[in-house]
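Note that these values count all heavy atoms, side chains included, but never hydrogens, waters or copies made by symmetry.
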Amino acid sequence: MYLYPLLVVIAASSFGIVSTIIKLAMRSGFSVAEAVTSQFFIGFCIAVCISLVTNRSNFSFKGVKILLFAGLLTGLTNILYGHSLNFLPASLAVVLLFQFTWIGMLISCITKRQFPSRIEFISLIILVAGTIPAAGIIDVDLSQIPFQGWLWGLAAALCYSLFLYVNGKTTASMTTSNRLVLVSFFAFMTTAAFQSPEIIWNGTLFNEGLWIYGLALGLFGMIIPVFLFTIAVPKVGLGMSSILSAVELPIAVMVSVILLSETVTTLQIAGIVTIVIGISLPTLLDKDGLLKNVKTKYKKSSKKFAKGSSI
């Protein structure tokens, strides 16, 4: 009952580390575009290595259209979020990105044709209420924010929500490592088309030390979250996954305090506590519903496996 929600939390937490690693790369003289490109290039290389070591079956391309969209949305999320930072304070950009919580819930309601449960709805309200103080946006002057900033930020949130939805789709006859290779490849190609692909051949990546940050970004921003989301989202469901993924913000704040020595206010701490409460509510108060959801999806996947394995 708790394993798959925990995997979603770990995946979202790894995403929360990415912003701090990018800031460290910027302190070393690299641009955001260079850091993001290194993230997806090295992430793709790691995915290929994992597939070569662990995959014992032939590489399958069944369901490649789903993975094309998953990779495309992964790359677009980072590109759009980077564009939003050109117009918005970092705190406001984070708040806009975190609108994926209710957008993901809305997508889940539309696709399932049902309303969220009372607990999920209450949890969502608590999350939205905690996000603003946690990001330190209370004192930000919103009157001077250009329209483009709002647009890029909300577009990034939409792409992230769609990524969770698409990445949760199962693909027949394809191992998780194969999925990881294809998603990372399409994400890299999308990023390379709009960011800084020249770092691969001009010496910036390997000769100037960018690979160190790219390795960390590839692991925490690509390999770990995509791998775990692939396993857990189909079991937990998009709505619950969107709620649990809100843990990314508290992790981002805590890691920035530890590694960047950034200060955190009492109001931010209160917002973080509020988010943690909002994340915990569905799991703690709706154990029966969550357990039923996991069991139902497990039985369905078991039947599909048995059917595919029969002679």
Considering all heavy atoms, the nearest Ala25-Ala35 contact: CB-CB, 4.2 Å
Do Tyr213 and Ser28 pair up side chain to side chain, a donor and an acceptor below 3.5 Å, judged on atom types alone? yes
Apply side-chain contact (heavy atoms from CB on, under 4.5 Å) to Val8 and Leu228, showing your working. CA-CA 7 Å; Val8 173; Leu228 296 183; over 6 Å; no
Got Leu217 and Ile22 here, is their nearest side-chain heavy-atom distance under 4.5 Å? yes
Residues Glu208 and Phe30: closest non-hydrogen pair is O-CZ, 3.3 Å
Let me check something: do Ile79 and Leu162 share a hydrophobic cluster, defined by ILVMFWY side-chain heavy atoms less than 4.5 Å apart, either directly or through other members? no
Does the side chain of Gln39 reach to within under 4.5 Å of the side chain of Val18, using non-hydrogen atoms? yes
Minimum heavy-atom distance between Val236 and Pro5, given as atom pair plus value: CG2-N, 3.7 Å
Which is it for Tyr165 and Leu73 under the side-chain contact (heavy atoms from CB on, under 4.5 Å) test, yes or no, and what are the steps along the way? CA-CA 10 Å; Tyr165 171 71; Leu73 291 166; over 6 Å; no
Distance col, row Ile251:CD1 vs Ser256:OG, nearest 0.5 angstrom, shows 10.5 Å
Side chain to side chain, Thr101 and Met105, heavy atoms closer than 4.5 Å: no
Could you give the distance from SG (Cys159) to CG (Leu154), rounded to the nearest 0.5 Å? 11.0 Å
Atom of Leu219, atom of Pro225 and distance for their closest heavy-atom approach: O-CD, 3.8 Å
Grab the two heavy atoms, one from Ser161 and one from Gly104, that are nearest each other, plus how far apart they are. OG-N, 3.6 Å
Steps toward ring-ring contact (aromatic ring centres under 6.0 Å, His included) verdict (Phe227, Phe229): CA-CA 6 Å; Phe227 188 83; Phe229 277 142; over 10 Å; no
My understanding is that only residues two or more places apart in sequence, or in another chain, count here; which of them pass ring pair (Phe, Tyr, Trp, His ring centres under 6.0 Å) with Phe15? Tyr160
If hydrophobic clusters are built by linking Ile, Leu, Val, Met, Phe, Trp and Tyr wherever their side-chain heavy atoms come under 4.5 Å apart, do Ile272 and Ile125 end up in the same one? no
Atom pairs and distances, donor-acceptor, side-chain atoms in residues 41-50, under 3.5 Å, two or more places apart:
none

Side-chain donor/acceptor of Ser245 to backbone N/O of Ala12, under 3.5 Å: no
Taking side chain as C-beta onward, heavy atoms only, is Ile199 less than 4.5 Å from Ser38? yes
Val247 to Val9 - nearest heavy-atom pair and separation: CG1-O, 3.6 Å
Output for pair (Ser84 OG, Gln148 CD), nearest 0.5 Å, gives 12.0 Å
Would you compute the distance between atom CD1 of Ile223 and atom OG of Ser177 and round it to the nearest 0.5 angstrom? 11.0 Å
Validation row: Phe98, Glu248 side chains within 4.5 angstrom (heavy atoms): yes
Please report the interatomic distance CG(Leu244) to CG(Leu164), rounded to the nearest 0.5 Å. 10.5 Å
Report all side-chain donor-acceptor pairs from residues 182-195 shorter than 3.5 Å, counting only partners two or more places apart or in another chain.
residue	atom	partner	partner atom	Å
Ser184	OG	Leu180	O	2.8
Ser184	OG	Val181	O	2.9
Thr190	OG1	Phe186	O	2.8
Thr191	OG1	Ala187	O	2.8

Check the side chains of Glu198 and Trp201 for a donor-acceptor pair under 3.5 angstrom, ignoring hydrogens and angles. no
Treating Ile, Leu, Val, Met, Phe, Trp and Tyr as nodes and any side-chain heavy-atom pair under 4.5 angstrom as an edge, say whether Phe100 and Leu151 lie in one connected cluster. no
Please examine the side chains of Leu127 and Trp102, heavy atoms only from C-beta on, and report whether any two atoms are closer than 4.5 Å. no
Hey, quick one: are Phe147 and Leu158 part of the same hydrophobic cluster, counting side-chain heavy atoms closer than 4.5 Å, chains of contacts allowed? no
Test side-chain contact (heavy atoms from CB on, under 4.5 Å) on Phe163 and Val226; report intermediate values, then the result. CA-CA 10 Å; Phe163 160 72; Val226 172; 4.0 Å; yes
Separation between CG of Leu3 and CD1 of Ile231, rounded to the nearest 0.5 Å: 9.0 Å
Met222 side chain reached by Thr74 side chain, heavy atoms, under 4.5 Å: yes
Let me check something: do Val166 and Phe40 share a hydrophobic cluster, defined by ILVMFWY side-chain heavy atoms less than 4.5 Å apart, either directly or through other members? yes
